[in-house]
There are 2 protein chains.
Amino acid sequence: MTEAAAPRKGRPRSADADAAILAATREALAELGWGGVTMGDVAVRAGVAKTTLYRRWPSKNELVVDAVAVLFDELRMADLGSLRADIEAVVRQFAGLLARPESQAALLALFAEASRDPALRRRVREAIIDPQKRLVHQGRAAAQARGELAPDAGPEAAREDVDIIFDTIAGAVEHRMLVSGECASPEWISRFTTLLLTPLTSKPDQNPAGSV
Amino acid sequence: MTEAAAPRKGRPRSADADAAILAATREALAELGWGGVTMGDVAVRAGVAKTTLYRRWPSKNELVVDAVAVLFDELRMADLGSLRADIEAVVRQFAGLLARPESQAALLALFAEASRDPALRRRVREAIIDPQKRLVHQGRAAAQARGELAPDAGPEAAREDVDIIFDTIAGAVEHRMLVSGECASPEWISRFTTLLLTPLTSKPDQNPAGSV
DNA sequence: CTTCTTTCGCTACGAGTCGTAGCGTATATC
DNA sequence: GATATACGCTACGACTCGTAGCGAAAGAAG
């Protein structure tokens, strides 16, 4: 991510080693979980020396963040022409990501560590949370442009809406797949989208927001 | 939980030690997080020998499950007379639970470990997930009795509804507080409840459920 | 091609933790 | 009192983390 690679003087670091280490980390993560991953094991899997790992990442935490963050780069926001289709697409992509075994143990363990380590938390925020929120923002902007949203949404309300939607979508999918331990079937995605969708497009019976 | 304490022959185990160990575990969890908790440290905090811990719990995982599961016993489902009030109460209770520092690191770490260890997963399910789902079921039954739900909900749809609602409520609150790292303010709870509520009480514009 | 700089693999190390074993002592029931 | 179990204490082997030092390899600069 920080690619300001100023080509220095001596022998450059092997890009192959970087890729091998990250792949080995994900592989070990899928097999053993966060607590089971050891730097020595990752080094053996990647075919490099353990010292090579510590030359690039200061600690196991940082290594795993990088190894996991790559997975989120696949997620895209496509304008499919309707809010419902867009939301279902996002949910489906996210569910597909979480269905991969290397994500299962990695994500929760990463969040768990981040809940304690402020530096790690900031890295997770920058590498994962913020990009995801930008995706939701894109989708919301597209829906707004199509006139599918209530027109009274100011720029401030938009930010809060995105936060709520993001937490709800991500949280529900994560909870179903990682905590309840059940898959997100197409029917579940459809039902969940229906649950989400209506209050965005129609006026709820009572709206007491603002009573803080 | 398994209180079938058949009074055996020799010296009985100290109930005080049990309580002290569990309390010390939660305390250490709040300060150090899952990865920072060590059995030796817990033993010192509780004022017992490390061997005493291993006489009761086979491993750190099991100990932490028991220490954390107690927190969920506080959650109650009160019939407040309206679906909206009931949901807000549940969300508020859950948010209050997750706001406590000993829950923050514990829950995600526990789920993370459970995502890999089947036995631990079963324990989490029995001690935490299932009781929570029963709470949601109670709330749904109360709302149904008050005629606040669409009457076409059969017993099978009810189960799936409860699953979706549970995953959505728990997931959204967890994600906001533990991943996004922001508090669940009263206004956020109100907005989130509004988001949840409408599709439960009114018919969505399109309902393509069943197209599996 | 030569020199220089950096990386690489290897081995070894101190510190810390896990979970277990053995012992003498304390505290209950029979 | 006899017996059986829990308890505190110490020590232990195995494992992991993260670091240090070494010679060798691989590019970059001249």
Side-chain angles (χ1 to χ4, degrees), chain A residues 4-25 27-29 31-67 105 109-110 113 116-117 119-120, chain B residues 3-25 28-29 31-67 105 109-110 113 116-117 119-120:
Chain A
R8 303 278 285 279
K9 301 186 79 174
R11 170 180 177 178
R13 287 189 178 165
S14 162
D16 292 348
D18 274 63
I21 292 171
L22 290 174
T25 303
E27 182 184 302
L29 222 35
E31 286 182 20
L32 310 167
W34 180 289
V37 170
T38 69
M39 298 298 262
D41 181 40
V42 170
V44 171
R45 288 173 191 259
V48 301
K50 197 176 64 167
T51 29
T52 299
L53 270 65
Y54 283 103
R55 283 196 191 93
R56 293 149 199 255
W57 291 275
S59 151
K60 199 163 74 171
N61 286 350
E62 321 287 334
L63 169 59
V64 177
V65 179
D66 279 5
L110 185 59
E113 280 295 318
R116 204 179 54 83
D117 182 341
L120 189 59
Chain B
E3 298 294 353
R8 304 275 287 277
K9 300 186 80 171
R11 171 180 178 178
R13 288 188 178 166
S14 162
D16 293 346
D18 275 61
I21 292 171
L22 290 174
T25 303
L29 223 34
E31 287 182 19
L32 311 167
W34 180 288
V37 171
T38 68
M39 299 297 262
D41 181 41
V42 170
V44 171
R45 287 172 190 261
V48 300
K50 197 176 64 167
T51 26
T52 299
L53 270 65
Y54 283 103
R55 284 196 189 92
R56 293 150 200 256
W57 291 275
S59 151
K60 199 163 74 171
N61 286 349
E62 321 286 333
L63 168 59
V64 178
V65 179
D66 279 6
L110 186 59
E113 281 294 318
R116 204 179 51 84
D117 183 340
L120 188 59

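Quick note: numbers below take in every heavy atom, side chains included, and nothing from hydrogens, waters or symmetry partners.
A search for side-chain contact (heavy atoms from CB on, under 4.5 Å) contacts involving Thr38(B) returns Asp41(B), not counting sequence neighbours. For Glu62(B), the side-chain contact (heavy atoms from CB on, under 4.5 Å) partners are Trp57(B), Pro58(B), Ser59(B), Arg123(B), not counting sequence neighbours. For Ala67(B), the side-chain contact (heavy atoms from CB on, under 4.5 Å) partners two or more places apart in sequence, or in a different chain, are Leu22(B), Thr25(B), Arg26(B). In terms of the salt bridge (charged side-chain N to carboxylate O under 4.0 Å, His left out) criterion, Arg13(A) has no residue partners (sequence neighbours excluded).
Residues Arg45(B) and Ala28(B) come closest through the heavy atom pair NE-CB, 3.7 Å. Pairing each heavy atom of Ala43(B) with each of Ala49(B), the nearest pair is CB-C, 3.9 Å.
The Lys60(B) side chain lies nearest to dC18(C) when the options are dC18(C), dC7(D), dT7(C).
Between Thr52(B) and Arg55(B), some side-chain heavy-atom pair lies under the 4.5 Å cut-off.
In this structure, CG of Leu63(A) is placed 11 Å from P of dG18(D), rounded to the nearest angstrom. Taking atom CE of Met39(A) as the reference point, atom P of dA15(C) lies 21 Å away to the nearest angstrom. Residue Asp16(A) contributes atom CG, which lies 11 Å from atom P of dC8(C) at whole-angstrom precision.
A heavy-atom distance below 4.0 Å to DNA chain D is reached by these residues of residues 47-55 of chain A, ordered by number: Lys50(A), Thr51(A), Tyr54(A).
A distance of 4.5 Å separates CD1 in Ile21(A) from CG in Leu53(A), rounded to the nearest 0.5 Å.
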Quick one: which protein N/O atoms are closer than 3.5 Å to N/O atoms of nucleotides 24-26 of chain D? Pair and distance per line, please.
unit_1, atom_1, unit_2, atom_2, d
dA25(D), N3, Arg11(A), NH1, 3.1
dA26(D), O4', Arg11(A), NE, 3.4

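With the nearest nucleotide of DNA chain C identified for both Arg13(A) and Thr38(B), Arg13(A) has the one nearer the 5' end.
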